[in-house]
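Comments concern the structure below.
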Amino acid sequence: MQEPHTFFYQLILLYRPFEKKLNDLLQQHDLHRAQWIILYYLSNFGPSTNVEISTYQGVEKPTITRTMSRLEALGLVTHRQGNDKREKK
């Protein structure tokens, strides 16, 4: 077994309590971290496509699509047609 004081172990010890506290705070607004990150991105970068958001976060586009659908159902985001008819912002 590896020494428990490796960099990654220390990172987990730091990150996990932060993640839990953030999710506890966001839960009061019926949100979770993945949704909050998208709202943060849109607040800072303005209208964006799902591809732009997925590239920024380093996740697959279907993940962003599902999360955006949930945010839209909550009334927190809307989508509009982009310059190209295939593009939604």
Side-chain angles (χ1 to χ4, degrees):
M1 189 164 105
Q2 283 191 326
E3 176 68 28
H5 299 288
T6 64
F7 170 77
F8 293 107
Y9 178 73
Q10 293 296 322
L11 180 63
I12 289 169
L13 288 178
L14 174 67
Y15 178 74
R16 298 276 300 198
F18 172 78
E19 177 95 5
K20 182 179 179 343
K21 182 66 173 174
L22 178 62
N23 280 326
D24 289 346
L25 291 171
L26 292 172
Q27 187 176 21
Q28 298 170 20
H29 304 283
D30 198 25
L31 294 172
H32 58 78
R33 182 189 54 83
Q35 295 165 329
W36 178 80
I37 291 172
I38 290 175
L39 293 174
Y40 176 83
Y41 178 89
L42 294 172
S43 173
N44 285 287
F45 297 100
S48 304
T49 65
N50 287 359
V51 172
E52 292 167 335
I53 296 168
S54 68
T55 300
Y56 177 79
Q57 288 192 17
V59 298
E60 298 292 324
K61 184 179 173 268
T63 302
I64 298 299
T65 300
R66 283 190 303 274
T67 306
M68 289 296 286
S69 294
R70 175 71 176 138
L71 289 171
E72 192 171 0
L74 291 170
L76 297 172
V77 299
T78 59
H79 71 270
R80 63 182 167 104
Q81 198 67 39
N83 297 332
D84 182 332
K85 288 186 179 187
R86 297 168 293 170
E87 177 184 78
K88 287 195 298 188
K89 287 199 174 248

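Computed over heavy atoms, backbone and side chain alike; hydrogens, waters and symmetry mates excluded.
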Report summary line: Distance col, row Tyr15:OH vs Leu22:CG, nearest 0.5 angstrom, shows 8.5 Å

**Report entry** side chain to side chain donor-acceptor pair (under 3.5 Å) against Asn44, all qualifying residues, sequence neighbours excluded
**Finding:** none

Requested in this report: List the steps, then state whether side chain to side chain donor-acceptor pair (under 3.5 Å) holds for His79 with Glu72.
Outcome: CA-CA 8 Å; His79 71 270; Glu72 192 171 0; 3.0 Å; yes

Report summary line: Hits for salt bridge (charged side-chain N to carboxylate O under 4.0 Å, His left out) against Lys21, two or more places apart or cross-chain, chain-then-number order -> none

Query raised in the report: Does the side chain to side chain contact (heavy atoms under 4.5 Å, CB included) test come out yes or no for Ser48 and Leu42, once each step is laid out?
Result: CA-CA 7 Å; Ser48 304; Leu42 294 172; 4.1 Å; yes

Report task. Treat each ILVMFWY residue as a node, draw an edge where side-chain heavy atoms are under 4.5 Å apart, and state whether Ile64 and Val51 are in one component. Result -> no

Query raised in the report: With sequence neighbours excluded, what pairs up with Ile12 under the side chain to side chain contact (heavy atoms under 4.5 Å, CB included) test?
Result: Arg16

Query raised in the report: Is there a path from Leu74 to Leu25 through hydrophobic residues (I, L, V, M, F, W, Y) whose side chains come within less than 4.5 Å of each other?
Result: no

Report summary line: Taken in chain and number order and not counting sequence neighbours, the residues that satisfy side chain to side chain donor-acceptor pair (under 3.5 Å) with Tyr40 are none

**Report entry** Contacts of Ser69 that satisfy side chain to side chain donor-acceptor pair (under 3.5 Å) - sequence neighbours left out
**Finding:** none

Query - Contact summary for Gln57 and Ala34, nearest pair of heavy atoms - result: NE2-O, 4.3 Å

Query raised in the report: Atom CZ of Arg66 and atom CD of Glu60: how far apart are they, to the nearest 0.5 Å?
Result: 10.0 Å

Requested in this report: Output the distance between atom CG (Leu39) and atom NE2 (His29), rounded to the nearest 0.5 Å.
Outcome: 11.5 Å

Query raised in the report: In the single-linkage hydrophobic clustering (I, L, V, M, F, W, Y; side-chain heavy atoms under 4.5 Å), do Phe18 and Phe8 co-cluster?
Result: no

Report task. For the pair Tyr41 and Glu52, evaluate side chain to side chain contact (heavy atoms under 4.5 Å, CB included) and give the outcome as yes or no after the intermediate values. Result -> CA-CA 10 Å; Tyr41 178 89; Glu52 292 167 335; 3.9 Å; yes

Query - Criterion side chain to side chain contact (heavy atoms under 4.5 Å, CB included) on Ile38 and Val77, from CA distance to verdict - result: CA-CA 10 Å; Ile38 290 175; Val77 299; 5.6 Å; no

Query - Exam field: side chain Thr67 to backbone Thr63, donor-acceptor pair closer than 3.5 Å - result: yes

Query - Asn23 CG to Leu31 CG distance, which is reported to the nearest 0.5 Å - result: 10.0 Å

Report summary line: Here the salt bridge (charged side-chain N to carboxylate O under 4.0 Å, His left out) pairs for residues 26-45, sequence neighbours left out, are Glu19-Arg33, Asp30-Arg70

Requested in this report: Give, for atom CD of Gln35 and atom CG of Leu71, the distance between the pair rounded to the nearest 0.5 Å.
Outcome: 5.0 Å

Query raised in the report: Stepwise, does the side chain to side chain contact (heavy atoms under 4.5 Å, CB included) test hold for His32 with Leu26?
Result: CA-CA 6 Å; His32 58 78; Leu26 292 172; 5.6 Å; no

